[in-house]
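Presented below is the structure to which this report refers.
Below, chain A is the first sequence line, B the second, and so on; all start at residue 1. What's counted below: heavy atoms across the whole structure, side chains too, no hydrogens, waters or symmetry copies.
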Amino acid sequence: MVLKANRLRKLALAPVLMLLSLASAGVLAAGGKVNQVNMSPGATEIGQSIFDLHMLIFWICVIIGALVFGVMFYSIYYHRKSRGVTPSTFHESTKVEIAWTVVPFLILIGMAVPATSTLLEIYDFDDAEMDIMVTGFQWRWKYEYLNEEGENVVFFSSLRTPQSEIRNAEAKGEHYLLEVDEPMVIPVDTKVRFLVTANDVIHSWWVPELAVKKDAIPGFINETWTRVSTEGIYRGQCAELCGKDHGFMPIVVNVVSKEDYAEWLDEKQAQAAQVSELMAQTFTLDELMERGETVYDRNCLACHGANGEGGVGTPIAGSPIATGDIDAHLEIGINGVPGTAMQAFGSQINNVEMAAVITYQRNAFGNNMGDMVQPIDVYNHKQGQGEN
Amino acid sequence: MGDHHHGPAKGLSRWLFTTNHKDIGTMYLWFSFAMFILGGSFAMIIRAELFQPGMQLVDPAFFNQMTTLHGLVMVFGAIMPSFVGLANWMIPMMIGAPDMALPRMNNWSFWILPPAFLILASTLFMEGGAPAFGWTFYAPLSTTYAPPSVTYFIFSIHVLGLSSIMGSINIIATVMNMRAPGMTYMKMPMFVWTWLITAFLLVAVMPVLAGAVTMMLMDIHFGTSFFSAAGGGDPVLFQHIFWFFGHPEVYIIILPAFGVVSQIIPAFSRKPLFGYDSMVYATAAIAFLSFVVWAHHMYTVGMPVAGELFFMYATMLIAVPTGVKVFNWVSTMWRGAMTFETPMLFAIGFLVLFTIGGFTGLMLSIAPADFQYHDSYFVVAHFHYVMVAGAVFSMSAAVYYWLPKWCGRMYNETMGKTHFWISFIGFNIAFFPQHFVGLAGMPRRIPDYALQFADFNMLSSIGAFIYGASQILFLYNVVATIVAGKPTSEEKTWDGAEGLEWTVATPAPYHTFETPPQVK
Ligand code: HEM
Ligand SMILES: [Cu+2]
Ligand SMILES: [Cu+2]
């Protein structure tokens with residue numbers, strides 16, 4: 001209630017705020033601030049050049065606008081019939097008309113020059129110190145560190161904000177909708193190249209403060225890069241309509257010192273090694289169910305429902321597949337159903353997770369099949385079709 | 001009905017079978033207003049959901065259906081048909097022609113519209129819901145990943161494309177062949193000129209849109225892979241084709257609005273339009289340039305840098321002829337003797353807000369800066385300044401300006417001015433803050449947003465509700481005028497108005513200029 005009254009009070013001030021903010025747009029500091037009104041120069045040199053360009057054009061427009069509207073309002077005030085003026089009849093002037101064609105043209109050239117040089121800078125992909133493959137999925141991002149020292153570091157990054165906050169059952173956290181389970185981590189002062197693509201539909205990878213926005217297009221690999229000069233956490237969102245949960249696939253980039261980055265990388269690699277050990281293990285039904293629930297909630301719930309009741313996807317509770325042939329079930333989990341929203345999860349979750357989630361689907365929601373899938377079964381299934 | 005100079009038929013058949021340009025114009029205008037209300041109610045749902053952070057009213061899937069249908073209905077159902085209606089009513093009267101050149105086709109081009117939109121609206125009730133891929137329907141979201149209703153969407157796009165093409169052929173034929181003796185091209189009113197050029201644009205790009213949706217249809221049902229990367233196709237190809245239609249489309253929307261404003265500003269300034277010739281050339285230049293700038297909507301798809309530069313320079317160039325237009329309008333007002341009746345207020349509102357939209361357009365044309373603006377609310381603000389404050393304001397101006405001529409009754413001036421001021425204020429409260437949230441990083445087409453955008457979004461929603469409500473006043477004013485407005489039989493409603501339409505009786509008789517006037 002207090003919050004609301006506060007907001008209403010702010011709203012009453014809004015028109016004043018709007019004018020003030022316009023006037024002060026030029027001197028605003030960086031950062032995704034509450035009620036921020038202007039672009040942020042962000043934390044990169046390119047971001048600063050883009051910001052400068054933006055302000056240059058903004059001020060040019062303000063000046064031209066002031067002139068045009070000034071003349072117009074002067075005229076509206078002084079040249080009104082109620083003041084008893086007689087209208088003049090002039091209706092052309094070649095000189096003036098040439099002037100206001102040529103002068104704007106020259107101003108445009110003045111804008112085009114810095115715009116071109118900034119653009120060329122942005123398009124300079126050379127000398128990148130590391131590469132990260134960014135892949136858009138409905139509706140999360142996959143980050144794959146491509147250089148040797150980043151080998152085996154591959155993970156998905158999905159929205160962490162719980163449904164309860166989105167559905168207004170709980171108070172919203174500070175980074176509502178802009179928080180992920182696992183952020184991308186990159187080192188500071190390093191030219192990082194992103195190779196951007198998508199798995200299903202078109203997405204767009206946008207982090208305003210890194211001055212990067214690039215469409216992620218299936219079948220294409222786009223290049224872009226950044227070099228961040230200040231450590232910190234930078235947040236962005238998918239910028240291209242990509243279906244139902246387009247608004248719910250944020251991006252978080254954690255920019256850390258080079259030492260911290262190396263440490264993080266080691267840790268990730270140790271984790272990867274651990275997973276490959278797990279692959280060879282045999283689990284009990286309970287263990288698989290426990291892991292499976294987590295995997296299901298993260299990957300399948302959005303379409304198949306919290307209780308397996310279905311939604312975008314078919315119901316799992318009582319599904320003929322989930323209560324039928326186990327191989328057919330696994331096949332759908334790995335390869336999806338082509339031409340539908342049911343994607344091939346074989347390349348998105350690891351074998352342990354796949355084994356767990358299939359087992360979970362067969363034994364939860366009243367399905368009680370009692371059978372299970374082991375990681376080795378998933379491995380064999382994939383081998384059987386010549387995939388790894 | 002032996003009498004040749006008969007009046008309108010009675011009952012429903014008058015409207016079903018009419019070939020009279022005024023009847024057809026009237027139907028177009030009412031139809032577009034109905035679509036405006038429909039598209040507007042979708043917008044109200046969108047703004048209500050965005051009133052506060054969190055999902056309150058609709059789910060994300062339905063939200064996407066709303067943004068998609070809102071865009072489609074407003075562009076193809078409200079704005080375009082409204083100007084075709086205006087063209088039907090006014091072009092014959094402005095060039096001294098008895099009717100449109102192809103009256104039966106005229107009847108068709110209108111009557112296929114309502115079924116097309118009925119089909120489009122019915123997708124809301126289909127399994128899987130209505131199209132939810134945005135009015136720009138990028139593949140593969142609109143093909144492989146589309147709901148089944150996409151097929152109906154494709155069909156309705158085909159039908160409305162057909163309607164637009166027939167309408168434009170008719171306008172071209174009328175303007176080229178039916179001008180009264182002495183009405184040379186360079187004497188035509190600006191509204192006729194802008195429509196002539198618009199009609200050429202339409203004939204050129206509607207088939208391209210038809211091609212795009214046909215390729216979608218093939219991909220969805222006949223196993224082709226035009227836009228599917230998995231089959232060797234190219235999703236970016238879709239965007240090139242769409243925007244080759246889409247950018248000229250935005251000028252199709254705005255050029256007739258330019259025409260309207262070029263009629264109204266001189267009338268209330270009591271002074272001839274400044275720089276008529278340069279207005280004509282500027283319109284032609286804009287139309288020509290509009291074919292070579294489409295990829296400014298695609299700066300982030302990963303074009304080669306040479307492509308980016310070409311499209312950036314070409315787009316910036318459009319600002320020159322657009323600027324010429326604005327300067328000409330202001331010079332027309334300069335040293336006139338102005339009065340500010342409702343049509344003039346809307347025309348000035350247009351001038352101010354369209355210019356702001358033009359400025360943001362110029363900002364968007366700068367490719368490196370567009371990397372930050374693109375697909376953010378900044379773009380949403382830009383195109384509402386040009387489309388709503390541009391096209392819709394000019395349409396309101398046109399209705400107030402010609403309504404007395406159409407129905408022989410005067411609208412209520414106070415109510416008209418109130419409508420203007422509420423619209424103007426509501427519009428700015430709704431859309432100005434969208435510049436801010438866009439620059440601060442809020443993407444467009446999202447049903448829910450981060451907390452830092454909350455205040456401006458609430459403000460924006462309040463403004464949208466105000467703007468929406470003001471249209472009810474508009475409807476009331478127009479209906480009240482037609483039913484019970486103060487009768488007027490003055491030929492010239494406005495003392496400064498020029499043109500052949502003001503030489504016929506008021507209300508305009510069912511048939512006008514059966515013998516062509518002489519234009520000196
Ligand atoms: C000075 C003239 C103009 C320039 C330079 C200009 C430039 C641009 C640019 C570069 C974009 C792409 C922005 C982005 O997506 O990142 C854009 C978007 C748009 N413009 Fe303009 N524009 C101008 C006038 C107009 C007019 C007159 C209209 C229509 C009446 C219009 C309607 C639109 C629409 C609808 C979009 C968004 C399309 C979408 O993505 O849904 N613009 N404009
Ligand atoms: Cu998205
Ligand atoms: Cu455009």
If I measure from the heavy atoms of chain B, does [X] come under 4.5 Å with its side chain, its backbone, both, or neither?
X	answer
Y78(A)	neither
F105(A)	both
Y176(A)	both
I107(A)	neither
L108(A)	both
I217(A)	side chain
Q138(A)	side chain
E240(A)	both
I122(A)	side chain
L53(A)	side chain
I76(A)	both
D200(A)	both
S93(A)	both

Subject >> Identified side-chain hydrogen bond (donor to acceptor under 3.5 Å, both in side chains) partner of R445(B) from the options T67(B), T136(B), T68(B), N64(B) >> reply: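 Exactly one pass, corresponding to T136(B).
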Original post:
So, E170(A) side chain and S164(A) main chain: donor-acceptor pair closer than 3.5 Å or not?
Top reply: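 Not confirmed, E170(A) side chain does not pair with S164(A) backbone.
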Original post:
When you measure from the centre of the six-membered ring of F371(B), is the NZ or CZ of K214(A) under 6.0 Å away and within 45° of the axis?
Top reply: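 Judged by the rule (NZ or CZ under 6.0 Å from the ring centre, within 45° of its axis), K214(A) counts as positioned above F371(B).
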With chain A as the partner, which of [options] has the greatest number of non-hydrogen pairs under 4.5 Å?
options	result
D59(B), V330(B), V305(B)	V305(B)
S269(B), A369(B), G441(B)	G441(B)
F133(B), Y313(B), F340(B), F378(B)	F340(B)

Subject >> Under 3.5 Å side-chain donor-acceptor pair for T339(B) and R270(B) >> reply: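 Indeed, the side chains of T339(B) and R270(B) share at least one donor-acceptor pair under 3.5 Å.
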**OP:** Examine the side chains of D375(B) and S204(A) and answer whether a donor and an acceptor come within less than 3.5 Å of each other.
**Re:**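 Note: D375(B) and S204(A) side chains miss the donor-acceptor criterion.
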Subject >> Test log, rule side chain to side chain contact (heavy atoms under 4.5 Å, CB included), inputs E308(B) and M312(B) >> reply: CA-CA 6 Å; E308(B) 302 264 325; M312(B) 175 168 83; 6.0 Å; no
**OP:** Could you tell me whether the side chain of P266(B) reaches within less than 4.5 Å of the side chain of L273(B), counting heavy atoms only?
**Re:**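 Yes, side chains in contact.
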Subject >> Any side-chain heavy-atom pair of T226(A) and I46(A) under 4.5 Å >> reply: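 T226(A) vs I46(A): side chains apart.
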Original post:
Do the ring planes of Y123(A) and F125(A) sit parallel (below 30°), tilted (30 to 60°) or perpendicular (above 60°)?
Top reply: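 The rings of Y123(A) and F125(A) sit tilted, inter-plane angle from 30° to 60°.
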Original post:
Looking only at heavy atoms, what is the nearest atom pair of L178(A) and R235(A), with distance?
Top reply: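 For L178(A) versus R235(A), the nearest heavy atoms are O-NH1, 2.7 Å.
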